[in-house]
Amino acid sequence: MDIEDVRGKYEVKLMDLPNVRGVWTGKKNEKDVIFVGVTHKVSDSSLRPEEKIPKTLEGYEVEVEEIGDLTAYTK
């Protein structure tokens, strides 16, 4: 399965996790990576097992990025 298919397969589940605000794909060190944007990073010990973002999804590395709160602006 290619990375976009994997992202699509898990995006809804990831978006339901605490503090998650976005999921996208990109490159890190020339490797395909799934990025998960969170409002703020928290320690693994403060999360229940089912709330933790996995380190990999179907062989693709998952990278957590702190992006803060997002606000949509309208004209």
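Quick note: residue numbers are just sequence positions, from 1. Computed over heavy atoms, backbone and side chain alike; hydrogens, waters and symmetry mates excluded. Please read all numbers here as calculations on a predicted model, not as lab measurements.
For the pair Asp2 (side chain) and Glu4 (backbone), a donor-acceptor distance under 3.5 Å is present. Side chain of Glu51 to main chain of Arg48: a donor-acceptor pair is present (N/O by atom type, distance under 3.5 Å, no hydrogens or angles).
Hydrophobic side-chain contacts under 4.5 Å tie Val42 into a cluster, directly or through other members, with Leu47.
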Distance-only check: which donor-acceptor pairs under 3.5 Å involve side-chain atoms of residues 12-21, not counting sequence neighbours?
{"unit_1": "Asn19", "atom_1": "OD1", "unit_2": "Thr39", "atom_2": "OG1", "d": "3.4"}

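Of the inter-residue distances, the one linking Leu57 atom CG with Ile34 atom CD1 reads 5.0 Å to the nearest 0.5 angstrom. Expressed to the nearest 0.5 Å, how far OG of Ser46 lies from NZ of Lys52 amounts to 9.0 Å. Here the CH2 atom belonging to Trp24 is positioned 5.0 Å from the CD1 atom belonging to Ile67, to the nearest 0.5 angstrom.
For the pair Thr25/Val33, no side-chain contact is recorded, criterion being any heavy-atom separation below 4.5 Å from C-beta on. Val6 is listed as a side-chain neighbour of Met1, based on a closest heavy-atom distance under 4.5 Å. Within the 4.5 Å cutoff, side-chain heavy atoms of Lys28 are placed close to those of Glu61.
For Tyr10, the ring-ring contact (aromatic ring centres under 6.0 Å, His included) test picks out no residue, with sequence neighbours left out.
Closest non-hydrogen pair, Tyr60 versus Asp32, comes out as CD2-O, 4.1 Å.
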### Query
Is there a salt bridge (charged side-chain N to carboxylate O under 4.0 Å, His left out) between Glu65 and Lys41 once you walk through the steps?
CA-CA 8 Å; Glu65 295 283 328; Lys41 290 185 178 183; over 6 Å; no

### Message
Applying side-chain contact (heavy atoms from CB on, under 4.5 Å) to Val23 and Arg7, what does each step give before you reach the verdict?
### Response
CA-CA 8 Å; Val23 179; Arg7 181 197 54 78; 3.7 Å; yes

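Within a 6.0 Å radius of CD in Glu50, other residues, nucleotides and ligands contribute more than 12 heavy atoms.
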